[in-house]
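Taking it in order: structure first as structure tokens, then the write-up.
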Amino acid sequence: MTDSSHKPLLAVLKGAIPTVPPLWLMRQAGRYLPEYRALRAEKGGFLALATDPVAAAEVTLQPIRRFGFDGAILFSDILMVPWALGQDLSFGVGDGPRLEPALMNHALNALERVPERLEPVYGTVRRVAAELPALNGGATTFLGFAGSPWTVATYMVAGKGSKDQGETRRVAYNDPGAFQALVDAIAAMTVEYLIAQADAGVEAVQLFDSWAGSLSPAQFERWVIAPNAAIVAALKAKRPDLLVIGFPKGAGGKLPAYARETGVDALGLDETVDPAWANSVLPEGMPVQGNLDPLALIAGGAELDRAVDRITAALAGRPHVFNLGHGILPDTPIAHVERLIAHVRRDR
């Protein structure tokens, strides 16, 4: 078991109530940093960068060197799992990710699993785990991640991102048996992937369900809660001490059921969730993460300070990891990130 005595984020994920919440930002290793943009241009594209363990480890560590965050999030992508399941993955400039063949008109069982495609990710984890203790006084927790089955399936079915996940929702209604097989395949690969991340050195993991908000309550139960519960149970059976953060973006009123039924150790809140409401309805003592609006960070100034204060006040009596409600945006000024950190940590 990892010692959490000098790691504020790890301590909070285990249930400690901090005087000052630990802080990291989703997508903190990314396009708002000039050092990231320079390295990505040198590598020639996202996939080349994400599959180069030396470069990906450097990107993971860049925001720790610059800001001293309490969490370092592995630099990778949720679409590594479909790639390992046999789809071809590409990232076009200004076009977003593409998966071929799209499963709208191609059978899952015609794909050939290629789990060795994930080996560079494990190499990145090992490099970060070796280098991270020398940064930030050794106080930074190393976080791995994967996409949750519903969100990953939306990309696999459509072959790309979509506004309302309509193609995948149609498949889930019209052929629930085939869609269940896809979800089960994603879940199995995700467990394998996260166990390997943990064995290589991550200390906790986050499950990103970015499109959870597009489902009806019954579909949410089947395609979000059930597969995430299966993943968490499998992880806990194999690595009981591995901490899991669940992030079902857009879940809204379905958050309490997700918190109760999935078995996650901590719950991420997106920016649309009232933290005072969340504090009143979520299980007592359950750690929460979030949930500053990324646009408030771009706005900066006194409005940013007020937004931070509202969140920290609402969650003051609960284990709380300060974060955004979704990923940091590319046009975020670095000075505003510095102001955020200073304001959150003003009493540390």
Side-chain angles (χ1 to χ4, degrees), residues 8-15 18 21-30 69-74 76 78 141-152 190 194 202-215 220 224-225 227-229 231-232 235 242-283 285-297 307-308 310-312 314-315 318-329 340 344:
L9 173 54
L10 203 58
V12 169
L13 294 180
K14 292 179 178 181
L23 167 69
W24 70 281
L25 303 179
M26 287 181 278
R27 292 188 189 154
Q28 67 189 21
F69 285 124
D70 296 298
I73 182 76
L74 170 67
S76 187
I78 65 169
T141 298
F142 187 14
L143 302 167
F145 75 93
S148 289
W150 164 253
T151 290
V152 172
T190 300
L194 293 177
V202 304
E203 298 166 283
V205 296
Q206 178 156 312
L207 290 167
F208 284 86
D209 223 340
S210 303
W211 301 124
S214 62
L215 292 169
F220 184 91
V224 173
I225 289 180
N228 279 290
I231 289 171
V232 173
L235 292 175
L242 182 62
L243 298 166
V244 182
I245 306 166
F247 180 55
K249 187 177 186 295
K254 298 183 283 292
L255 277 171
Y258 180 100
R260 291 191 309 268
E261 297 172 25
T262 59
V264 296
D265 298 288
L267 184 66
L269 310 177
D270 68 63
E271 66 270 24
T272 68
V273 176
D274 179 349
W277 170 81
N279 190 49
S280 70
V281 299
L282 293 177
M286 182 176 214
V288 296
Q289 179 178 276
N291 67 329
L292 181 70
D293 188 341
L295 289 173
L297 183 57
V308 170
R310 283 193 293 269
I311 294 166
T312 54
L315 299 171
R318 176 184 287 274
H320 176 214
V321 175
F322 198 94
N323 206 318
L324 299 175
H326 202 215
I328 190 169
L329 296 168
L340 167 68
V344 171

Minimum heavy-atom separation for [X] to [Y], with atom names?
X    : Y    : value
P18  : P21  : CG-CA, 3.8 Å
A278 : R318 : O-NH2, 4.3 Å
I78  : A146 : CG2-C, 4.2 Å
P22  : D70  : CA-OD2, 3.3 Å
G250 : D270 : N-OD2, 2.7 Å
G268 : L255 : O-CD2, 4.5 Å

Taking C-beta and beyond as the side chain, do [X] and [Y] meet within less than 4.5 Å on heavy atoms?
X    : Y    : result
P275 : N291 : yes
L10  : T141 : yes
F247 : H326 : yes
F69  : L9   : no

Measure the spacing between [atom1] of [X] and [atom2] of [Y] and express it to the nearest 0.5 Å.
X    : Y    : atom1 : atom2 : answer
L282 : L315 : CG    : CG    : 9.0 Å
I73  : I245 : CD1   : CD1   : 7.5 Å
K254 : L215 : NZ    : CG    : 7.5 Å
Q206 : N323 : CD    : CG    : 7.5 Å
L292 : L297 : CG    : CG    : 6.0 Å
Q289 : M26  : CD    : CE    : 6.0 Å

Check the pair L207, T190 against side chain to side chain contact (heavy atoms under 4.5 Å, CB included), reporting the backbone distance first and the verdict last. CA-CA 10 Å; L207 290 167; T190 300; 4.3 Å; yes

Check the pair I328 / R27 against side chain to side chain contact (heavy atoms under 4.5 Å, CB included), numbers first and verdict last. CA-CA 6 Å; I328 190 169; R27 292 188 189 154; 3.9 Å; yes

D293 side-chain N/O to E271 backbone N/O, donor-acceptor pair under 3.5 Å: no

Judged by atom type as modelled, is there a donor-acceptor pair below 3.5 Å linking the side chain of W150 to the main-chain atoms of W211? yes

Might you work through the side chain to side chain contact (heavy atoms under 4.5 Å, CB included) test for V244 and L194, ending with a clear yes or no? CA-CA 10 Å; V244 182; L194 293 177; over 6 Å; no

Over 60° means perpendicular and under 30° means parallel, so classify the ring planes of Y258 and F220, tilted if in between.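 The arrangement is tilted - the two ring planes meet at 30° to 60°.
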
Is it the case that the side chains of N228 and T262 hold a donor-acceptor pair, with the cut-off being a distance below 3.5 Å and no angle test?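 No, no side-chain donor-acceptor pair sits under 3.5 Å.
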
